[in-house]
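The analysis underlying the following values was restricted to heavy atoms, covering all of them including side chains, and did not include hydrogens, waters or symmetry mates.
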Amino acid sequence: MKNLLLSILLISVFFLNAQQFDESFLDSLPDDIREDLVNRSEENTKALDENYRPSQYSSKLQQFEELIDLKSRIEQDLRELEKRLQSDDKLEINTELKLFGLDFFNTFQTSFMPINEPNPDSSYTLGVGDVLSIQLVGQKDIIEDFLINGDGSINFPDIGEIVLIGLSLDEASKLIKSRVNSSFIGIEAFISMSKLRDVNVLITGDAQNPGIYTLSGNSNILQAINIAGGISEYGTFREINLVRDNKIIEVLDVYELLINGNFNLKERLRSGDVIFINPRKSVVSIDGAVKRPAKYELLDEQNLGDVINYANGFKQTADIQNIYLERILDGTLKSIPITNSIQFDSIKSVDGDMIYIREYPYRKATISGAVLKPGTYTMAAGETLDDLIIKAGGFTENAYPFGAIFENRDAKLINEAAQSLLYQEFLDNIIALSQQNISGNFDLTPIVGLTKEINDLEPNGRIVVDMENEAARETLGIQEGDNLKVPEKTNNVYVYGEVSSEGSVMYEENKSVDFFIDKSGGYKKYADNESIYILHPNGETQRYSKKRNIFENQPKSGITIYPGSVIFVPREIDNSSSRTLAAQAYVTILGNLGLALASLNSISSD
């Protein structure tokens, strides 16, 4: 029966939404509220046009029941999110580890033309196609380029043939200078490279772009692989062979270069050389409390201890008593606890091994205001709010723990979601009321004002904690980003809303709500004295009604006012359904107001 009545009410609202808003009413709204209201109305009207049929009441009822179920599930999600406040789990998504070295070959030549820069060192071996620049200085001054011919020699005027093939640049320079000195008197020779020969090499195996490439004669394996775009996802970084005349004359281990800094390439490429990239070997993943988590490729003879070294060792925060090796055994993934990290030195690697080192979950928390040592502190897992206060040296003599504000990131997420839902409900309420209020029987200004305040509020993550109770402080665990503000003692009570004089009133013990309202000049004409809201310094909110039973001489509010309490007298709202929404809004608005006041009271102590 309850669902049926709710469904009939929703149908009525959808029909009303189909009507046009009064232009003067829209013009009276703030710009952001007007835009959101129109968009919300269009969404409702579109849903009506697409889904409503006069003969399909049963279908509409089912849809409304689904909406009610959706609302229930959203509320359940919020409750589940709230449970995370007591959990150590972080709201993070772990990214997949990359193979170490994969980004090294991130550029390559886009054409097959050689990169020919004549800047070899003195050990460069000359060959056919190299061009030498020889300058004679003295009685005979000339400078000329000489190409090494197919027979490996150059033909020098007045000297004859000089065979240079196979000599290093340094050896060739000495030979040429010797021949010049024996042929000329008072002439000195200077020799340099003018142009390097081109070489054609075959890059094959698991290269990114295998094929024949033209490079300069000064190139080595590393440069050739880079030009070929690097190594494919199937290729090894640990064993790349340079093959000449069907013999392996040099092997490149990229890890030796990247991890140990050993650049041991001696051979320069020659035409006809083959560079073969072997298939990838065993890959082991390591994650958690290591300095360089990644996937690492291991040679057949290596142990898992080498992976620890490749990952630059453990972090200082590593829990070396909680190390796990995951390995596929007999087709099943097994988790093997490692009691001592030294064990890794004797465990042979198997392709697909995964090592996880647990990290002690440290987190940062901030405390400010009336404490002896305000600041940001590193907290260990299991440490509580009380531990944070102790690290900060405790409260000062003038501290007001009852008014302290404890904020949490997850609580802010919950409040943000709840505030968004509340704002949408306010928009729906205004839509319904605007269609019912064609004759202007009641004033929509208060509800519009509340809607704008809800939209403009910055959600906070305050958690209500009994800060004067040490046992309560010891039960609340610290999470990353937690923030505690401790204000100084105050002797004020704050009165806002529909009173003659808003602001602070001097606190007096054992005085009622009405006493402080009278001190603020009493109620205004449109004050709603049946729904007065009190925010206490500890974050708790209470509702007070001046209305009393006819058998009572005085109203029994049962409300104690404390130093720093905020009394809010709302404006009277005509519509009963709007008053229900307004109650939720006042609690949200008061929470932010109390937060601001407490923050101001803590500034002088920072």
Side-chain angles (χ1 to χ4, degrees), residues 369-370 395-406 446 450 453 460 462 464-469 472 485-573 579 582-605:
F395 300 122
T396 64
E397 292 183 3
N398 200 36
Y400 189 32
F402 185 65
I405 295 172
F406 181 65
L450 272 177
E453 286 197 59
N460 68 75
R462 184 173 189 178
V464 176
V465 184
D466 185 359
M467 295 296 297
E468 295 183 319
N469 186 337
K485 297 177 183 177
V486 184
E488 291 187 337
K489 292 176 182 176
T490 180
N491 202 31
N492 294 325
V493 173
Y494 304 94
V495 185
Y496 293 97
E498 294 297 305
V499 292
S500 298
S501 179
E502 293 183 300
S504 61
V505 176
M506 187 71 69
Y507 172 75
E508 293 189 35
E509 194 172 0
N510 298 324
K511 296 298 182 181
S512 67
V513 174
D514 288 321
F515 171 82
F516 294 104
I517 291 176
D518 290 340
K519 285 287 187 180
S520 298
Y523 299 104
K524 286 184 178 181
K525 179 179 179 181
Y526 296 106
D528 185 358
N529 58 14
E530 294 183 11
S531 299
I532 299 170
Y533 297 88
I534 292 88
L535 174 69
H536 295 300
N538 66 346
E540 292 182 350
T541 305
Q542 286 183 285
R543 182 178 175 181
Y544 165 74
S545 176
K546 185 176 175 60
K547 183 178 181 181
R548 66 175 184 267
N549 190 294
I550 60 174
F551 299 105
E552 295 176 336
N553 293 324
Q554 295 293 333
K556 292 182 179 179
S557 66
I559 293 178
T560 302
I561 299 299
Y562 304 94
S565 290
V566 180
I567 300 172
F568 179 73
V569 181
R571 184 182 177 90
E572 190 174 25
I573 295 177
R579 280 196 291 271
Q584 301 176 55
Y586 293 142
V587 171
T588 303
I589 294 168
L590 272 177
N592 278 44
L593 178 59
L595 198 69
L597 291 171
S599 298
L600 288 173
N601 288 333
S602 69
I603 288 175
S604 60
S605 298

For [X] and [Y], work out which heavy atoms get closest and say how close.
| X | Y | value |
| --- | --- | --- |
| P563 | Y400 | O-OH, 2.6 Å |
| R462 | A404 | NH2-O, 3.2 Å |
| V505 | S520 | CG2-OG, 3.3 Å |
| K524 | S500 | CG-N, 4.2 Å |
| N492 | M506 | OD1-CA, 4.5 Å |
| A370 | A399 | O-CB, 3.5 Å |

Is it the case that the side chains of D528 and Y533 hold a donor-acceptor pair, with the cut-off being a distance below 3.5 Å and no angle test?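 Side-chain D/A pair, Y533 to D528: absent.
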What I'd like to find out is whether the side chain of [X] reaches to under 4.5 Å of the side chain of [Y], using heavy atoms alone.
| X | Y | result |
| --- | --- | --- |
| N529 | I517 | no |
| K511 | K519 | no |
| V513 | I561 | yes |

Once you round to the nearest 0.5 Å, how far does [atom1] of [X] lie from [atom2] of [Y]?
| X | Y | atom1 | atom2 | result |
| --- | --- | --- | --- | --- |
| Y496 | S501 | OH | OG | 10.5 Å |
| N538 | N469 | CG | CG | 12.0 Å |
| E502 | F568 | CD | CZ | 8.0 Å |
| L535 | T541 | CG | OG1 | 4.5 Å |
| I405 | K485 | CD1 | NZ | 6.5 Å |
| Q542 | I532 | CD | CD1 | 12.5 Å |

Evaluate side chain to side chain contact (heavy atoms under 4.5 Å, CB included) for H536 paired with V464, printing each intermediate quantity in order. CA-CA 10 Å; H536 295 300; V464 176; over 6 Å; no
Report the C-alpha distance between Y523 and D514 in whole Å, list the side-chain angles of each, state the deciding distance to 0.1 Å, and finish with yes or no for side chain to side chain contact (heavy atoms under 4.5 Å, CB included). CA-CA 10 Å; Y523 299 104; D514 288 321; 3.0 Å; yes
Between Y507 and F516, what is the ring plane arrangement, given parallel below 30°, perpendicular above 60°, and tilted in between?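 The rings of Y507 and F516 lie parallel, inter-plane angle below 30°.
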Donor-acceptor under 3.5 Å (E498 side chain, K525 main chain):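 No: the side chain of E498 does not pair with the backbone of K525.
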